[in-house]
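Pasting a structure here, questions to come.
The figures that follow rest on heavy atoms only: side chains count, while hydrogens, waters and symmetry mates do not. Chain letters run A, B, ... following the sequence lines, proteins first and then strands; every chain starts at 1.
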There are 2 protein chains.
Amino acid sequence: MTRIVEPEAGPRSKRAAILSAAVDCFGEAGFEATKWSTVAERVGIGQTALYHYFESKTHCLLTIMRLELERSHDRFVEATKDVEDPVEALRAAVRAAYDVSPHEVLQMRILQNHMDLLSGTRRSKREEAERVAARQLVQVVERDWTNLLVKGMSQGAFPLRDAQLLGGSVLGLIVSVWRWYRPSGPTPLSEISELIEGACVRMVAS
Amino acid sequence: MTRIVEPEAGPRSKRAAILSAAVDCFGEAGFEATKWSTVAERVGIGQTALYHYFESKTHCLLTIMRLELERSHDRFVEATKDVEDPVEALRAAVRAAYDVSPHEVLQMRILQNHMDLLSGTRRSKREEAERVAARQLVQVVERDWTNLLVKGMSQGAFPLRDAQLLGGSVLGLIVSVWRWYRPSGPTPLSEISELIEGACVRMVAS
DNA sequence: AACTGAATTGAACTTAACTCAGGTTGATCT
DNA sequence: AGATCAACCTGAGTTAAGTTCAATTCAGTT
């Protein structure tokens with residue numbers, strides 16, 4: 001459990017700008033489809049300067065994924081922290097999951113599209129560190145959801161079922177949206193949020 | 001709607017062997033992580049021979065995805081064709097979705113992990129043909145599920161809801177399993193199948 | 001002004017996908 | 001059997017994109 005220390009930003013560091021540009025590129029065109037050099041162009045630096053901040057294109061991707069996972073976890077905790085009623089907590093958690101900016105939508109998309117990266121180990125040190133951190137955060141987020149279900153089951157608000165499996169399924173249902181959702185598409189996020197909220201409650205509580 | 005004609009197998013064609021080896025490699029190590037030349041080795045031919053059968057590594061991937069989508073659709077139709085009761089049809093469809101061989105698990109995993117490829121257009125003719133065919137099949141499969149729901153709603157077996165959105169969600173829930181399921185893992189597929197079957201019924205019918 | 005470390009760069013290197021020009025194999029026909 | 005033709009295969013070379021490296025600039029400090 002080695003925590004990753006965010007490199008403190010020197011005053012003229014372009015790290016944040018690179019991450020932001022990378023999210024835009026990777027999220028819209030896809031990771032493989034975007035040239036690493038294009039990200040550099042957008043930020044306004046030469047491609048080699050990227051390596052001052054990230055060990056590789058993949059290292060940047062893994063960093064984006066970890067940050068998004070941290071964000072998801074934080075939001076979950078924030079949204080459910082003082083809601084006692086299990087059903088209401090579940091509803092709040094789902095709503096929080098869809099209460100996101102367009103930029104965050106891209107981050108979720110990137111995360112979902114590259115989950116498979118978290119399986120195999122990486123060659124380089126820093127990449128592997130990010131991978132392991134992200135993998136752990138996936139488990140943390142899964143635990144967030146299963147704990148919510150366990151609590152509800154023990155209180156008698158939810159029927160008893162395999163909380164681990166059901167929690168993972170609820171999470172899978174919620175994030176599956178990010179594979180197809182587009183802010184420009186026909187379905188507003190609010191509508192999706194409501195439908196999924198209802199679906200989750202029925203899945204878990206009936 | 002131009003259908004793809006499967007190249008008829010000459011007696012010494014290695015196409016099937018290549019597809020099979022590619023499914024193993026792409027499914028276990030991941031598409032990006034496996035070298036195209038490794039697939040050639042497994043089949044027992046030089047790397048350049050691959051290009052006799054596929055225009056590119058990606059063309060092979062897209063073909064695998066299309067074939068898997070065709071299989072999924074066929075299984076759905078087969079499983080539901082003479083079940084009138086909507087709830088039973090839904091149950092049958094879910095069970096069929098998880099009634100798969102280990103090789104098919106890999107194909108599902110590959111499909112899920114590279115759905116994003118179907119968004120952007122491809123440079124070369126044959127790749128683009130496969131992509132378009134796959135994209136269409138995604139819609140066909142989505143329609144399979146929404147139709148099932150529409151039928152159930154009109155018969156009064158399911159409460160009225162946005163069938164398109166709900167159908168997509170059910171499908172999303174079902175396929176989300178392939179991102180983490182491993183035949184060697186602790187949870188048998190039968191158990192997953194049962195839990196998801198129940199969850200889907202509750203989502204849709206209550 | 002000299003010093004320091006962060007930030008940046010152009011040129012060279014590496015790897016893996018891909019192309020090409022030609023060679024081999026084997027089924028089929030006369 | 002021998003000729004033929006298409007399917008099948010290969011070694012050598014090309015290309016594109018990620019990456020490395022040695023050298024340079026820049027901003028703030030002593």
At a heavy-atom distance below 4.0 Å, which nucleotide of DNA chain C is the first touched by chain A, and which is the last?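 So the outermost contacting nucleotides come out as C/dG5 to C/dA11.
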From CD1 of B/I45 over to P of D/dC9, roughly how many Å is that when rounded to an integer?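 Result: 6 Å.
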Would you please name every residue forming a side chain to side chain contact (heavy atoms under 4.5 Å, CB included) with B/E32, sequence neighbours left out?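 Result, side chain to side chain contact (heavy atoms under 4.5 Å, CB included) vs B/E32: A/E32.
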Taking CD from B/Q47 and C1' from D/dT10, how many angstroms apart are they, rounded to a whole number?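 Roughly 10 Å, once rounded to whole Å.
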Calculate the interatomic distance between A/L50 atom CG and D/dT19 atom C1'; express it in whole Å.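 Roughly 11 Å, once rounded to whole Å.
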Using a 3.5 Å distance criterion without hydrogens, assess whether the side chain of A/R122 forms a donor-acceptor pair with backbone atoms of A/R131.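 No; zero donor-acceptor contacts below 3.5 Å.
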A/I18 to A/V43 - nearest heavy-atom pair and separation: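 Minimum heavy-atom separation between A/I18 and A/V43: CA-CG2, 3.8 Å.
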Step through it carefully: locate the ring centre of B/Y98, locate the ring centre of B/W178, and say whether they are under 6.0 Å apart.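 So the answer is yes for these two rings.
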Applying side chain to side chain donor-acceptor pair (under 3.5 Å) between A/E68 and each of A/Q112, A/Q107, A/R109, report the one that passes.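 Testing A/E68 for a side chain to side chain donor-acceptor pair (under 3.5 Å) against A/Q112, A/Q107, A/R109 leaves exactly one candidate, A/Q107.
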Is the closest side-chain heavy-atom distance between A/T34 and A/E28 below 4.5 Å?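 They are not in contact (no side-chain heavy atoms under 4.5 Å apart), so the answer is no.
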Charged tip of B/K57 within 45° of B/F31 ring normal and under 6.0 Å: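 That pair qualifies as a cation-pi contact.
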Which pair of non-hydrogen atoms, one from A/C200 and one from A/L173, has the smallest distance, and what is that distance?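 What the structure gives for the nearest pair is SG-CD2, 4.0 Å.
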Quick one, which residues of residues 114-124 of chain A touch DNA chain D with a heavy atom under 4.0 Å?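 None, since no heavy atom is under 4.0 Å.
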Indicate yes or no: at least one non-hydrogen side-chain atom of A/E70 is less than 4.5 angstrom from one of A/R75.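 Counting from C-beta outward, A/E70 and A/R75 never come under 4.5 Å.
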Write down the protein N/O and nucleotide N/O pairs, taken from nucleotides 20-27 of chain D, whose separation is under 3.5 Å; answer none if there are no such pairs.
| from | atom 1 | to | atom 2 | distance (Å) |
| --- | --- | --- | --- | --- |
| D/dC26 | O2 | A/R12 | NH2 | 3.3 |

Contacts to DNA chain C from residues 21-33 of chain B, heavy-atom cutoff under 4.0 Å, which residues?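 Contacting residues: none.
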Specify the closest pair of heavy atoms between B/S169 and B/M203, including all atoms of both residues, with the distance to one decimal.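 Answer, listing the atom of B/S169 first, then B/M203: CB-CE, 4.0 Å.
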Separation of atom CZ in B/R15 from atom P in D/dA7, rounded to whole Å: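 Going from B/R15 (CZ) to D/dA7 (P), I get 14 Å.
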Which side-chain hydrogen bond (donor to acceptor under 3.5 Å, both in side chains) pairs, counting each pair once, include a residue from residues 186-206 of chain A, with sequence neighbours left out?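 Applying side-chain hydrogen bond (donor to acceptor under 3.5 Å, both in side chains) to every pair that reaches into residues 186-206 of chain A, excluding sequence neighbours, yields A/R91-A/E197, A/R95-A/E197.
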Give the minimum heavy-atom separation between B/H114 and B/M65, together with the two atoms involved.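 In terms of heavy atoms, the two residues are closest at O-CE, 3.2 Å.
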So which one's nearest nucleotide on DNA chain C is more toward 5', B/T58 or A/A49?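 The residue closer to the strand's 5' end, by nearest nucleotide, is A/A49.
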Can you check whether A/L69's main-chain N or O pairs, donor with acceptor, with A/H73's side chain at less than 3.5 Å?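 Looks like no, no N/O pair under 3.5 Å.
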